[in-house]
Each structure stands twice: as structure tokens, then as C-alpha cells.
Amino acid sequence: MESSMKDRLQALEKRFEIDVQEAETEAALADLKARYLGKKGVLSGILRSLKDATPEDRRSVGRLANVVKGRIETKLLDARAAIERTAINVTLTSDWTDITLRRSLRAVSVKESGLHPVTIVQRELEDIFLSMGFDILDGPHIETEWYNFTALNVPQTHPARDMQDTFWFKDMKHLLRTHTSCIQIRGMEQKKTPPFRFVAPGKAFRCEATDASHEAVFHQMEGMLIGKDISVAHLIYFEKTLLSEIFNRDVEIRLRPGFFPFVEPGFELDINCLICDGTGCSVCRQSGWVELMPCGMTHPNVLISGGIDPEVYNGFAFGLGLDRLVMMRYQIDDIRHLHSGNVDFTRQFADC
Ligand code: PHE
């Protein structure tokens, strides 16, 4: 009895080995598993027929059956891994992209562009500011209420918060920054002791209706200079130098009073609209002037937020509207082109 059972087990294992070599898919393996190891499978059949055997036979054949079962399971797993490997290799050889072959892809009309015009102008501005001794700083898009408002002298209930509605996070403590002015505070914290000057370019976000000159996502370049005995004359000098560098000619500007809680006095610097030469268009809302650079002398409360003593130091700050500047520079008549994702639009600037 015992030896014939053992023969049956050995024969079963041999047959399995042939079958498993022929199984080429995962489904075929699942089939095999059911056929050999399932409840109604061959192995269970052999074990069932043990019911009439002596207890010793049952024990020794049972032990062997378990060993055979373990080996079959391992072989099934190995076979499965091999099938998976083959499938991966097939995909790797049949379905791959040579990312170094951009030029040949042009045959299927992938369009190339150059740098985005905002990036071009941003880099030029960075060069101009670097040449005037400014550092370039960066800050996060997701800001805290403190850096975006409170530290900038805009307390929680101040109506000035309504001027800059934005996208708040559920905790109502974090928001998408409404301006790059947050980096005034971060910059002061980092620089610690005046004199220092820096600019900080980047995206800003506002929850507002869009039109030819307003977008929910736009770009600014913040500037700050802190030292001793700084005056409005210094501020105007920097702004004029900057504009004549960027436009390569003298542009007409005007300075109006403007309210921003973080500066005192505050100004709006407008330039004569270069799209319509001041005659009136949709970009300048028919006024002939475009607001380009709100600015002013840093409010003492802001210096205090940044850890600087307002009794000793003072300075100025400005927030250059980068998209507007780009529009004036390239005579773009709608800010929405800038985020349109239209390669035909951006590639025009590649060689500018
Ligand atoms: N942060 C202001 C805005 O986005 C602009 C500004 C910057 C004004 C710096 C004054 C000084 O409207």
C-alpha cells in the first residue's frame, strides 16, 4: 500500500513538471494549480484514498505528500515569476521611446518652442538687478496667513485683505500667495542686518475674474532695499534705471499716490501704454496708462515683523507686474495668451 502510494506521488510530481513547462500564461498556471492542488485535485484524490491505510502508512505517505505539495507550490511561483519577466522583457523591447531622438520626432509634428516670454524677461531683469547689487531670493507658493498678510501690516480684519481675495486651504491658515511681498518678510529674516537689497520673482494667485490684463495666476518681481536714510528719490532712480534698461529707451512714467498697508507713503508707478502709445486700448482700459510697479517706503510695522529696528533703518519696496511688463515689451494685447499653453504663441519669442 505505502509503496504504491509513494509511486503515485512521484508519478504525479513528474507529470506536473512536464505540465508546468508547457504552461505559458498565468491562466494556464492557475489551471494547473487547481488541477494538482485544488480540493478536487489529483493530490487531494491520493490523500483521500489513504483513508483505509494503516496509521503508520497514513503518516509517512502524508509527510511525503506535504513535501511534494510544497515543491509544486514553489515551482508554480517560479513559473509565474518567469512568465512575468518574459512579459516585461517583451514590453521593453517592443514598446519603448528613445528620448534622445527629439529631432526625428518632428516628423510626427512635435512642435518645439523656446523659453516662455515671462522667463526671458524675468532673466533679463535678474541680470539688471544683479548688476545693481541686488540678490535674488525665492519663496513658497503656499504661504501662511502671517507672511502673506499679518506680517505685512494687514491684520486679520483689515479691509485691505478683500483687495486680494485668494484660494485658501481648508485649515484657513494657508493660502496661495496673493503677491510676492511675503518674500519681503522672509528676505529680512534671512538677511538680518541691513544694508541689503534683493529681488524675488515668482507666481502669485488671486481669485478674481480674468480679462485682457488680469489673470488668476500671474507673475511679479518683488524688490526691497533696506539701509539708512533711504528716500523716495532712491526708489525712483532704481525704477527709472530698470525701465530704460528693459525697454532700451526712456519710457514716460507717472507716479500717483497708492495705498498698500505695507508701505508709507505708497505709490502706483504707471507707464505710458506701449500697446496703443497712450491713445487708449483694452489693455490700458482706454486710459493710455498701465499700472506697472506699485511701490513705496517700507512701513515701520513691516520692518518690525522682519526683525529690523525702524528707528535705525528704513527702505523701499516695489512689486513689479512681470506679465504686464512682458505685454508692453512684446506688444501682447491679452494676458491670457501667456498661460494658453499654445506653442505657436510661445515659439515666437524663441529668438527675441
Ligand atoms: N504686493 C502689492 C500687490 O501685489 C504690490 C506692492 C509691492 C506694493 C511692494 C508696494 C510695495 O498689489
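Remember, it's a predicted structure, so these values are computed and weren't measured experimentally. All residue numbers refer to positions in the sequence shown, counting from 1. Numbering of ligands and ligand atoms starts at 1, following listing order.
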Less than 4.0 angstrom from a charged side-chain N to a carboxylate O is my criterion; do Lys191 and Asp135 meet it? yes
Contact set, ligand 1, heavy-atom distance under 4.0 Å, ordered by chain/number, equals Gln164, His179, Ser181, Gln184, Arg206, Gln220, Glu222, Phe260, Phe262, Val263, Pro294, Cys295, Ala317, Phe318, Gly319
Modelled atom types, side-chain donor and acceptor of Glu126 and Gln122, under 3.5 Å: yes
Plane angle bin for Phe196 and Phe198 - parallel if under 30°, tilted between 30 and 60°, otherwise perpendicular: parallel
Identify which one of Lys69, Lys6, Arg8, Arg71 satisfies the salt bridge (Lys or Arg N to Asp or Glu O under 4.0 Å) criterion when paired with Glu13. Arg71
Distance under 6.0 Å and angle within 45° of the ring axis: does Arg177 meet both against Tyr147? no
Enumerate the residue pairs fulfilling ring pair (Phe, Tyr, Trp, His ring centres under 6.0 Å) with a member in residues 54-94, sequence neighbours excluded, ordered by first and then second residue. none
